[in-house]
Amino acid sequence: MKIVMLGHSGAGKTTYLSLMYAEMQDGIGGFQVRAKNGSQHSQLLADARAIRSSRYPPLTNHRASYDLALSYNGSEVLPFTWRDHRGGAASGRTSDAEDVGQLHQDLLESDAIVMFIDGHALVNDPGAARNASRLSSHVLRAMRDRPEVSTPLVIAVTKCDLIDISDEKVTEKVFAPVAELAKAVAATRHIVGTLIPVACGPSSMNVVVPVLWSLRFGLIGMLVRLSTQVESSVQAANAAASRVTFVDRLVSWWRDQPSYATMAENHRQVALRARRQLQPLIKPAEGLEEMLKDIQYF
Amino acid sequence: MATPKLKLTMLGTTGSGKTTFLLGMYNTMSLGVQGYFLYTEDPDEGFDLGEAWDRLIEGGELPQPTAEDQSKRYQFVFNHGFDTLVTVEWLDYRGGAMIGRANSASDVAQLRGQLGASDSIYLVFDGGKLTPWLDGKASITSVQKELRIREMTQLVQHAIQDRKRNDLPLPSLVVVITKADLLAGPGRMVWDALTTIIDNLKTLVEAAYVEGVTTLLCPVQVGNFGPTRPLKVDVRDIDPMGLHRPMIFSLMHYLSEGLGAHQAQLTTQRAGQSAVDQQIAALNQGFLAYFRGRRIAQLQDVSASYARAIEDQQQQYHANQSLISRLAAELEGHPIIRNGKVEL
């Protein structure tokens, strides 16, 4: 599963990633996230420690890819890649930097998009609303250039500890730039969106929600794929089994071809393997469902 | 189904506000208006348009008018939500060729060719240039001369002839009046000025009344900048209005014209299906029908494929009809001239 972060410079993407990693390392409801690369693991944890003491990481100046894995009660259930981009990649010319084009390519190939908008800037700087709205074009362009595949879209409103989200006027200002995009998402069947206020600082808020919400769809997608495979393999096995005869065994042996009995057995093995892969995913999927049941979506 | 492509050409003299209109239109629609989005196919073009808009919004810097020897072509994508309705090839034509100061005859031929291929033509007039006439201080002829309306009318008439000759639907026209804030005057609101313009539109812009052509009269403004138009404006005066409507109208007209083609295709497909069904019925007659099983099955497949095509066509027809109604709602209260009659 590929999760791509989209956002302008200073929206808090890199800070989010580090803190999310640290919180998911501590674990929640039996879920944990771990980096496959040792140095990335150490770097993310070091950055998170700094953030917790109010020292924020510098702006990312390149595209970075993190190979992570979600585990449940100690067993890996879903590997995923997390793509971080230089903030300028969302607001630059393709001719000026290579990563501008790469961002579009990553969005094309993404299984989930986490869009970051700076809540504090949205309340205090009118230009921020324009910038946030412009992120919509990236999403629209990418969605047009790819087939209609189910895609979760999280709009993470960062720096919510610096604004009063209980104030209706504030929430209005924060939501306005993405309201049209949210309406468009709600009208589709293949994109599911949610808006999550996030704070990444000494006192954090909702940090694990964007990642878990995205992964839930990855997990559901895997469950659906495996269930379909089990179903179709069982059907194929039954169809082959119904044609098993002594003559077929003899003719197949003579022609050195797999008999219907062998084919039925092969299909049964495929179904069994898929079922074995599927079983351990059911509990985590239910766990995520329960954990995220109160999250509103559009 | 392939996305339809709409060709649109914008004509207007240098300084008429074409570039500012385009900038405002793009930056309004790219953020989403009533569920409609516009974005550039090329992200870099979108970036440039966004940057120019930021310079205006933040620094009050109006864009430089397009030089007389520079035309600019944009490729836009027009969406309703995530559904792409149409791609738009937008040509901001340099003034030179239009007013006969082209470098060569081929420039004029190129402009005529472009207009002949256009599904929608925007005639962009500077609202400020209409005020002397509205104030009774200048004749309609002098305004026409200053706005080069006669040249534009001739070009539009050529385009209409070309399209008729090539059996293409006639283009829609949008009379875009930029700097609409300037239409107001002593004791005159913008709406009063528009009423005067509508009353005199047949004389002012003859092309708007050509038989078979549908025209929208659309005042637009980016802000209330006053008549002096300095290169830098006060950002507090920025107040975009009506900028998305010309595009909404162009699409509505384009889809409405397409409805006729849909109907024609439906008629052809129904006739085709009926002919095949008759053949099947004939083959099923008599004792020999038993031996014609393969041929009958083949024809039944053909009939089924006609049925599928008819269903698709009907679905598309209804989808377009409902979209046209939604688009029309956005234009409510705006004067549309159809076959010489003003509809509000």
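Letters A, B, ... mirror the listed sequences (proteins, then strands); counts begin at 1.
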When rounded to the nearest 0.5 angstrom, what is the spacing between [atom1] in [X] and [atom2] in [Y]?
X       : Y       : atom1 : atom2 : value
D125(A) : E58(B)  : CG    : CD    : 7.5 Å
F82(B)  : R189(A) : CZ    : CZ    : 15.5 Å
S30(B)  : R130(A) : OG    : CZ    : 10.5 Å

Hey, does the side chain of [X] reach the backbone of [Y] with a donor-acceptor pair shorter than 3.5 angstrom?
X       : Y      : value
R144(A) : T84(B) : no
R141(A) : T40(B) : yes
D44(B)  : T94(A) : yes

For the [atom1] atom on [X], are there more than 12 heavy atoms of other groups (residues, nucleotides or ligands in this structure) within a distance under 6.0 Å?
X       : atom1 : answer
E109(A) : CD    : yes
Q314(B) : CD    : yes
Q75(B)  : CD    : yes
M241(B) : CE    : no
E148(A) : CD    : no
R326(B) : CZ    : yes

For [X] versus [Y], what's the shortest heavy-atom pair and its separation?
X       : Y       : value
F37(B)  : S136(A) : CE2-CB, 4.4 Å
R134(A) : W53(B)  : NH2-CD1, 3.8 Å
A184(A) : G81(B)  : CB-CA, 3.5 Å

Which of D83(B), I57(B), L38(B), N79(B) touches chain A most, by non-hydrogen pairs under 4.5 Å: I57(B)
Which of V77(B), L31(B), N27(B) touches chain A most, by non-hydrogen pairs under 4.5 Å: L31(B)
Portion of E41(B) that has a non-hydrogen atom of chain A nearer than 4.5 angstrom: both
Chain B contact via V185(A) - which portion, at a heavy-atom distance below 4.5 Å: both
Contacting moiety of L181(A), where chain B heavy atoms sit under 4.5 Å: both
Sidechain N-carboxylate O distance under 4.0 Å for R93(A), E51(B): no
